[in-house]
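What follows is a set of notes on a single structure, which appears directly below.
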Amino acid sequence: MTEAAPTSVPADPLAELATPEAQRLAARMAQDAFGKVFRLTLEADDAGRAGGVAALHAALANWVAAGEGEQGPALRLAMLLSGLDQWGMAYSRAFGLAALPGLTELVGALRTGLDERAEARFLAQFDALAAAEENAIDFKIELRRAIHLALWHGALAADSRDEALRLAGELGSTLLAVARDMPVFGWRLVADALAHIQIQCLAHGLAGEGIGREATEALFAALARELPEAVRDAVMAHAAQAVVGWRQANRPH
């Protein structure tokens, strides 16, 4: 008996605290903040990194404080810290990073200063993110999309064939884990990643030859081989439909 891809989409109970637009903004802010602390860690001295982290902390803290009521700021902080954590884990696994001091300092700064009640509210919202896959689903979709594409671009930019294939394999493992751990939405996130990769190739001529093409083909082949049959068929059909829609929308008039 093959495993079917679920089709029903539960409503997001956290949308009352953070609209889909706010959730997507949280994902983009986490991505931007991670990129900045990553560069600060690699390029700045200790004083420069500390100043950069302080500026990032101030901007993120202001956005967190603008959430509505008591639970709104707690959910905003939970999304930011969850996003930063997932970026850090993805890059640590993919690029073998032993430590990212700037990330550690930013996360610590965002947690420091919470009183006991604020800490309890934050922890409750952080747990709520993981309690059900539909919770803050727009945040999760935006976040995972960015991480998946960053890993793929890393494979395209690799200096060697082995490195490109290793990064493509890391992305494949990540997508398989998403499909496994999120039974309702996971396959959609995999399809979203494959559609965006194909659209990037069509729009910008990426992965047309060489190790970039080999790595991309290896990724698609691995997913076709490893995903359960029904899930694989749903993923490929959904991705193909998205690419067709993009082609039609960008057809010359």
Side-chain angles (χ1 to χ4, degrees), residues 1-31 34 71 75-91 93-94 124-152 168 170-200 219-220 222-246:
M1 181 177 177
T2 59
E3 181 182 347
T7 56
S8 59
V9 179
D12 174 12
L14 298 183
E16 294 182 358
L17 294 177
T19 65
E21 292 76 13
Q23 292 181 26
R24 289 189 286 269
L25 178 56
R28 293 193 295 270
M29 292 177 74
Q31 177 185 4
F34 177 79
Q71 298 300 328
L75 178 55
R76 288 188 174 202
L77 181 59
M79 290 189 292
L80 288 178
L81 291 181
S82 174
L84 289 169
D85 181 58
Q86 290 183 61
W87 273 104
M89 288 192 298
Y91 265 55
R93 286 195 303 265
Q125 294 301 330
F126 195 86
D127 289 344
L129 288 177
E133 57 185 287
E134 64 268 20
N135 291 0
I137 187 61
D138 288 278
F139 163 74
K140 293 173 181 174
I141 290 172
E142 191 80 10
L143 178 73
R144 297 310 312 180
R145 174 185 294 163
I147 291 174
H148 298 155
L149 288 178
L151 292 176
W152 178 64
E170 179 63 38
L171 174 54
S173 297
T174 299
L175 291 171
L176 288 170
V178 167
R180 180 189 66 242
D181 297 340
M182 299 179 70
V184 176
F185 289 97
W187 71 270
R188 291 177 169 86
L189 295 181
V190 177
D192 177 83
L194 298 189
H196 274 76
I197 287 171
Q198 292 177 82
I199 289 168
Q200 291 275 306
L219 169 66
F220 277 68
L223 290 172
R225 183 176 62 250
E226 299 295 336
L227 286 169
E229 181 179 355
V231 176
R232 178 201 66 208
D233 292 347
V235 163
M236 297 306 177
H238 198 76
Q241 185 178 19
V243 173
V244 168
W246 178 87

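Computed from a predicted model, the values in this text were never measured in an experiment.
- Summarising the geometry of Ile147 relative to Ala90, their closest heavy-atom pair is CG2-CB, 3.8 Å, with the distance given to 0.1 Å.
- Under the ring pair (Phe, Tyr, Trp, His ring centres under 6.0 Å) criterion, His238 pairs with Trp187, not counting sequence neighbours.
- When every heavy atom of Ala146 is checked against every heavy atom of Gln31, the shortest pair comes out as CB-OE1, 3.5 Å.
- In this model, no donor atom of one side chain and acceptor atom of the other lie less than 3.5 Å apart for Gln23 and Glu142.
- The CD atom of Glu226 lies 12.5 Å from the CG atom of Leu175; values are rounded to the nearest 0.5 Å.
- Here the shortest heavy-atom pairing between Asn135 and Ala128 reads ND2-O, 2.7 Å.
- Residue pairs meeting the side chain to side chain donor-acceptor pair (under 3.5 Å) criterion with at least one member in residues 80-90, sequence neighbours excluded: Ser82-Gln86, Gln86-Arg144.
- Taking each heavy atom of Leu227 and Ala179 in turn, the nearest pair found is CD2-CB, 3.9 Å.
- In this structure Met236 satisfies the side-chain contact (heavy atoms from CB on, under 4.5 Å) test together with Leu194, Ala224, Arg232, sequence neighbours excluded.
- Taking each heavy atom of Ala18 and Leu75 in turn, the nearest pair found is CB-CD2, 3.7 Å.
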Worksheet item: What do the steps show when you test Arg28 against Leu25 for side chain to side chain contact (heavy atoms under 4.5 Å, CB included), and what is the final call?
Response: CA-CA 5 Å; Arg28 293 193 295 270; Leu25 178 56; 4.1 Å; yes

Item to complete: In sequence, state the C-alpha distance, the side-chain angles, and the governing distance for Phe139 and Leu14, and then conclude on side chain to side chain contact (heavy atoms under 4.5 Å, CB included).
Response: CA-CA 11 Å; Phe139 163 74; Leu14 298 183; over 6 Å; no

Worksheet item: How far apart are the C-alpha atoms of Arg180 and Val231, what are their side-chain angles, what is the distance that settles it, and do they pass the side chain to side chain contact (heavy atoms under 4.5 Å, CB included) test?
Response: CA-CA 10 Å; Arg180 180 189 66 242; Val231 176; over 6 Å; no

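- In this structure, Leu171 and Leu219 approach most closely via the heavy-atom pair CD2-CD2, 3.7 Å.
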